[in-house]
Structure formats: C-alpha cells, structure tokens
Amino acid sequence: MDLLAYALAALSVGNLALALIGVIAGTVIGAMPGLTATMAVAVLVPFTFTMEPAPALILLGAIYTGAIYGGAYSAVLLNTPGTPSAIATTFDGYPMAKRGDGDLAITLACLASVFGGLVGAICLLLLAPPLAEVALAFGPVEYFWLAILGLTLVAALSEGDAWKGIVGACVGLLLSMIGSAIVGGDIRYTLDTQFLLGGIGVVPALIGLFCIPVLIDLVTSREEHLQIEGKVAGFRLGEAMRIALRNKVNLVRSSGIGTLIGMLPGAGGSIAALVAYSEARRSAKDPDSFGKGNPAGVIASESSNNATVGGGFIPTLVLGIPGTPADAVVLGALLVQGIKIGPALFTEQSSIAYTFIIGLIVATVLMLPVGLVLGRYAYGSIIAVPKALLVPAIAFLTIIGSYAIQNNVDDVIVMFGIGVIGWVLNCYGFSPAPIVLGLILGPLAEQGFVQAWMIGSATDNLLGMYFGRPISLAIIAVATLTLLYPTLSRRYQERKARRAAARTH
Amino acid sequence: MITDRCTQIRRIAAGLGLAAGMAFASSALAQPLTYVIAFPAGGESDVTARIQEPALKAASGKDVVVQYKAGAGGATAWASLNKMPADGSTVMGTNLPHIFLQPMEKDVGYKTDDLVNVYIFQLTPDAIVVPADSPYKSLQDLIDAAKKAPGTITLAGSGTNSGPHLSAVTFNKLAGVKTTYIPFSGTATSVAAMLGKQVNGAMTFTTAAIQQGDKVRMLAVALDKRLDSHPNVPTFKELGIDMTSGVFRGVAVPKGTPDAERKKLSDLFGKVNQDPAFRKKMTEAGFVIVDVPYDKMAPFLAAKSKEYEAAAREVGMIK
C-alpha cells in the first residue's frame, strides 16, 4: 500500500523533529492570552519558504494543532481563551481551576485534544474528497441557518440569565455591523471616521472582552489569582483517563461536530466548540452542573476544537478553499512553494498530501507527551508567579497580540475600548461569550441571508430558498430543539413529578 | 527576596536594551528593502511578493523584508504609505482597481493621486467560470440562457463595488444581458459557491480557476490574447465583447522619495520581471506578467482611471 511509503517518509527523523518543534512552539504561542493559532501559523510561515514542501507543511500543521490545544491553558488557568476556539473551554475549565482541579482540567484538555485531533486528521486521511463535497452543499442559506443555530446557543448557554445572554449577543451583532458591508458595500456606524471603516475585528474584540476584565479583577482584588494550598501540581493522568472513558460518547460526538463544522469555509473552530459544548450539556443527565466545573464541558470543547484542524484542511487541500483563517495562511504558503492545491493535489502530488496528513497525525500524537509536560509546567508557573508579574505580562501580551494581527495600532485601541466596555457590562452580569458570539456570527448570518435573498429573488423561489433545502431544514430543526429543549424538559420533569406525587396519594 | 527580584528585572532590562541596540546597529549597517503588503499573509499579493523575493534579493544585493499591514481591504496600509521612510528603502504593494475605487466610494484616508506607483508588474485577469458539468458549454450558452430569462443567471464574485463586481456589470452591458451578481466575502468563498452550484457561475480570476483544474470550465478570459497555459479558452474580445479587466499589482513609494530612487526601484522591479524562475512560477499560477515602468505610469493610470470611472458610474457607485 502506498500509504505505508508515505508514512515512512513522514516518519523520517527530520520530519519527526519538525513535528515536535512545531507542537511545542504552537502550544506555547497558543497558551499566551492574546496570541491566536492563526497568528502562530502566520508568524512561522516565512520560515517555511526555504523548506521542502512536505516538511514545511508538517511544521505548519504541527504549529496549528499545538496552538489550538495551547489555547486551553489560559482558558483554564486565567479564564481568558488563548484562541477564539477555546471560548467554551473557559466555561468549565476555569471553575475547575478555581476549586483546585486545574491540573486535572489541563490533562483532560490534552487527552480530549489528542482524541479530537486524531478524529479530524483520520477523516482527512480517509474521507477527504467525499467530505469536501458535503462542505460544498452548504450554500448561503445553510450558513445563515447555521449562524441562527449558533445564536440559539446563546439562550441555551446562559440559562438562568438567558435575557442577559440575548442582550449580549445583540450587542455583538450590532458591533459586527460596524464598517463597510461585504454584501452591499454600505457604510454603517463609522461615525464618519476612517478608524471604524474596517469594522471591529473578532480577535481584538475577543482579546479585549476576555482579558481586560480579568486584568482589572486581578488588580482590584487582594487575593492571589488561584489559591491552592500545599498541593503540588500533578498529571492526575489516571483520574483524567477514567473521566475521559466515562465521556466516550461525548468525545466521539464532539469530535464529529468539530470535523464537520471545521470543514465549512467561514464557520470555524469557535462555533464548533460552542455547538459541541451545548450538545454535551443538552444530552447530559446533570445539565445544571455545566458552567460550574463539569469536566465534560472541557472535554467537549477541547476535542471539538482540535477536530476542526483536520476538518479545516479537508476543503483547503481538496478544493483549495480554506476551512479556517489559519488554513488561509497555510494555503498561501503552499502557493509560494509552487504546490498546486486543489483537486490536483490528491492525484498529481499525492505524495505531498499524504506525507502531510500522516505528519499531522504524528504531530497530534506527539501532543500527548508534550501537552502533559508543558501543561504541568504552565500550571505550576501560573500558580507560582506573583500577581505583580502576572498582570503586566498579560497586559503586554494583549497589546502585542492585538497589534500583531495586522500590524495596526487601531486594533489595540479597539481591543482596549471594547475591553473596558466588556468590564462594565461584566459588572452588571453580562458575560463576554455571547458578545463575541454575536460578533462572529453576525457577518455569517447577514451575508448568508442577503446572498440567499438575492439568489432566491433572481430565481423567483424565495420561500424555497429559505425553507425548501434539506440541510437547511435539518439545521432549523436542531435550532428549534436547542431553543425549546430547556422548557420542554422542565415541563416533562414537572409532569413526571406530579404523576409520581399523585400515585403516592 | 525583593532584592533578588530587582536584580532579575534589571538583568531583563539590560538584555532588552542590548537587543534593541543590536537591532539598531544591524539596521544601520545594511539597509534592507522593506516591502509592505496591504493584505494578510497568504493572499495573492503576498504570494507574488514571496515569488519576487529571491529575484529582488539577487538583483539589488539587499535583504528584502516582507511586512504585512492589512485592514479595510488594503486602505489602512495605503493611507499610511506617505508616513513611511521616503529614502527608497520602502515600497508598498498596490492593487488596481482598488486604489481607484476605494477613494471614489468614500473617504478612506488617501486619494488615488497620493500613491506614487513606480512599477506595475502583473495582471490577474478576470474570467467567467462555471462548474465542469454545467449545461453552459460556452459563453454563448450562458448569454443565450440569460437572454431567455433575464436576471435568473447568477454569478458569484468577491465583494461589492470591487473589481469582479464592476466586471460583472460591464459584461452585462457589453453583452446586452442581465445576470445577477452575488457578492461573497472573498475569492475562495465565491468559488466554493460556484463549485457547490449555489450559483450558475463565478466572475473570478484565472488563478482561482486554474487552481480548480478540471473541476471547472473557463468560458472566457478578459485578456487581449489567450492565456498561454489555456489556448482553448477564448477571450471576451474574440467573442465580440470588448472587455479586458482584472487586478493589476504593482508597487508604490512614499511621496517624498527622490526621483532617482523612484527610477532605481522601477528598474529593479523591471529586472525581476525578466527573471526566468519568477516568470515560470507566475505564469503557471495563472498570473500574466505586464511591464508598466515609472516613466510610462502616468498615461497608463490616466487611461485606467477613465475606464474605472465609467464602470463605477454604471454600478451606481458614483452619480
């Protein structure tokens, strides 16, 4: 079998070393609050221009997958997602760290990431061409409904404070409209400044909304950041394994969701993790424990976001259409190498494609030891570092991180401004996640809706466009279920309780 | 403990100072050529710059530093060009029609005339592309279908009031048909919509079409003569539609750059355009190499300006 030859090529000492270096570098960059996976890839792309295609790809893939995992560190230990796809990891990861289970959460995140990464990469290896066809079946209207599904998650995620969640999402949606519209070219809410013409970037807003409130809270409270008394950080690998085994359905489902959503160009990892998280919560026996440090939440988020790596490479390699922002950077690197990405890659240059995919699998496996060791170190040092050093270090990173996205000071100002607004809103009980979600989903929903409207009007089939396509109908059904499930399940419980009460009388 | 921390901080500070000093010293020794890209890493402008890089290095004997300053579709970088060092050490990539259309549409912080273009080196031609199994085998098929049911044929393209948008409207006018242009967030997403048959075709670039290999069919390219790599794809001109369009890429310098330096840079990019390795990589990817040096820039831009203004009026961008 050819695959064996490719595997041998991927397993050369040089490639293994690159995969290891890539995973370590990626994890470290991803772990820094403010430095995202896309940035990790973009920073290292120029170094690959002088390399051979296959090792260059392996290095980039390893950095990417490492950075997506590294995002979990700051999500768990600081409550600031290191990358947008780690937003859902903060929900249960940080509460776990607060009660002293940070080491366990990090180890779990590592196991889940490796599992999810492997599922995504194996789908890429075995099913890439047919799955790419599935991605193409998603048209504007499907993206619109997918964005609506994402918005219904807000209501479900912020249960108890559903209204505040919805208000937050609306703030995010409004922010997403600032600037000149992609579809239609209208200029909105720019206050006649050039500063706002480009709109509010998701990443600076994310950094601001999550990091600034954490920074202010760290400064204003007297207590140390995480209080762990006389406990040395350990791997707690056995315990984590047992929890992961108990969550095997959750792992498989979340990885599947991650692969599927990752391969949709324009959707990306952050949505995948949120969908996986809310599905995990919905199907759990104890949904109320989510958000309070339930390990299943960390597992869902982390396995799905690493599955988006392999998933995102499916349209990138098969169609030449990037699945995630980081894939777009990788795609450019390949064009410079003179590799014909797209349908020809799997036929004419299949050795490069398969060497890369196997390299990605190897890098994902390497993430297990690397992640465990780095995680332990990160946990130990975050606890040991005094607040007087931690705060300026994070502040520094948030500024560097938002500047480095486009080498633009405007983004730093946006980050800071939105961060302060976020802190004020936080004081009134509005959490940052729905705002970011609105900001991410706004353009997706708007573009999808308007494009579908234009195509529907052109073909004189407006109703059929929105409600006559099978994938759309399936997404609408899931969205309706997500929206009504909490109410329905409560009613069902009440009726059951009433019946039980009636029987005892 | 406290003194410990102080010494540590002092040590770090000393290290940083040393590093800064070294960076300063090395930059004073050999002034590299800074090549600013107005788009994110990995885009077509970046790809071109990266392919130019080795030839630039060889021809100038200087290091080339590619930097990115993305935002607002390139406007962020172009608005800042004239604040950069004007000593011939800095060039910035520019795109046509972007630098004409953006200031036409709204105040983006620069005027077209603020940018001193010194060389235009490539053209990415427009092409109408359909999926390989589309019922439209030729451009005439598409035109016939559009004539039979005006407005029902949909063409995807990247952006509103953008190059592809203007080209789609120009095509409608010249062919005497009505197709519906559907704007997408980028070339990749518009091509995906075409491949997935969400739309009938795409007004996109030859580079994007070539990438898709035999999955797509190019119906016509907006060039004066056929692409060397695709001799059986006709031009619009041959089919009686007088349309040549696409994205031109070149470099501009800050306004204060002395004339001698402008000439020198123009010659440098002209030399790079003759580099066989550069030519091979570019044409394989579907780019067309053009040569508009500094002394021929003004008439070229004047002609283009007229063309874009007419198209912009057609779209309704300007009244």
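Naming: A, B, ... by sequence-line order, numbering from 1 per chain. This one's a predicted model, so the numbers in the text were calculated from it and none came from an experiment.
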Problem set entry | chain A contact via T76(B) - which portion, at a heavy-atom distance below 4.5 Å | side chain

Exercise. Hey, mind stepping through K106(B) and S180(A) against side-chain contact (heavy atoms from CB on, under 4.5 Å) and telling me if it holds?
Worked result: CA-CA 10 Å; K106(B) 62 209 170 202; S180(A) 84; 3.5 Å; yes

Problem set entry | Donor-acceptor under 3.5 Å (Q198(B) side chain, L136(A) main chain) | yes

Problem set entry | Which atom of G320(A) lies closest to which atom of Q211(B), heavy atoms considered | O-OE1, 3.5 Å

For this session: Check each atom of V183(A) against the heavy atoms of chain B and say whether the ones under 4.5 Å are side chain, backbone, both or neither.
Result: both

Exercise. Is a salt bridge present between E133(A) and K215(B), judged by a nitrogen-to-oxygen distance below 4.0 Å?
Worked result: yes

Exercise. Taking all non-hydrogen atoms of both residues, which atom of L195(B) and which atom of L319(A) are closest, and how far apart?
Worked result: CD1-CD2, 4.2 Å

Exercise. Does any N or O in the side chain of Q451(A) come within less than 3.5 Å of the main-chain N or O of P183(B), such that one atom is a donor and the other an acceptor?
Worked result: yes

Problem set entry | residues 151-158 of chain B: residues contacting chain A (heavy atom under 4.5 Å, by number) | G151(B), T152(B), T154(B)

Problem set entry | Structural part of I187(A) lying under 4.5 Å from a heavy atom of chain B | side chain

For this session: Count the heavy-atom pairs under 4.5 Å between each of K197(B), K281(B), Q212(B) and chain A, then report the option with the highest count.
Result: Q212(B)

For this session: Identify the heavy atoms of T180(B) and A458(A) that sit nearest to each other, and give their distance.
Result: OG1-CB, 3.7 Å

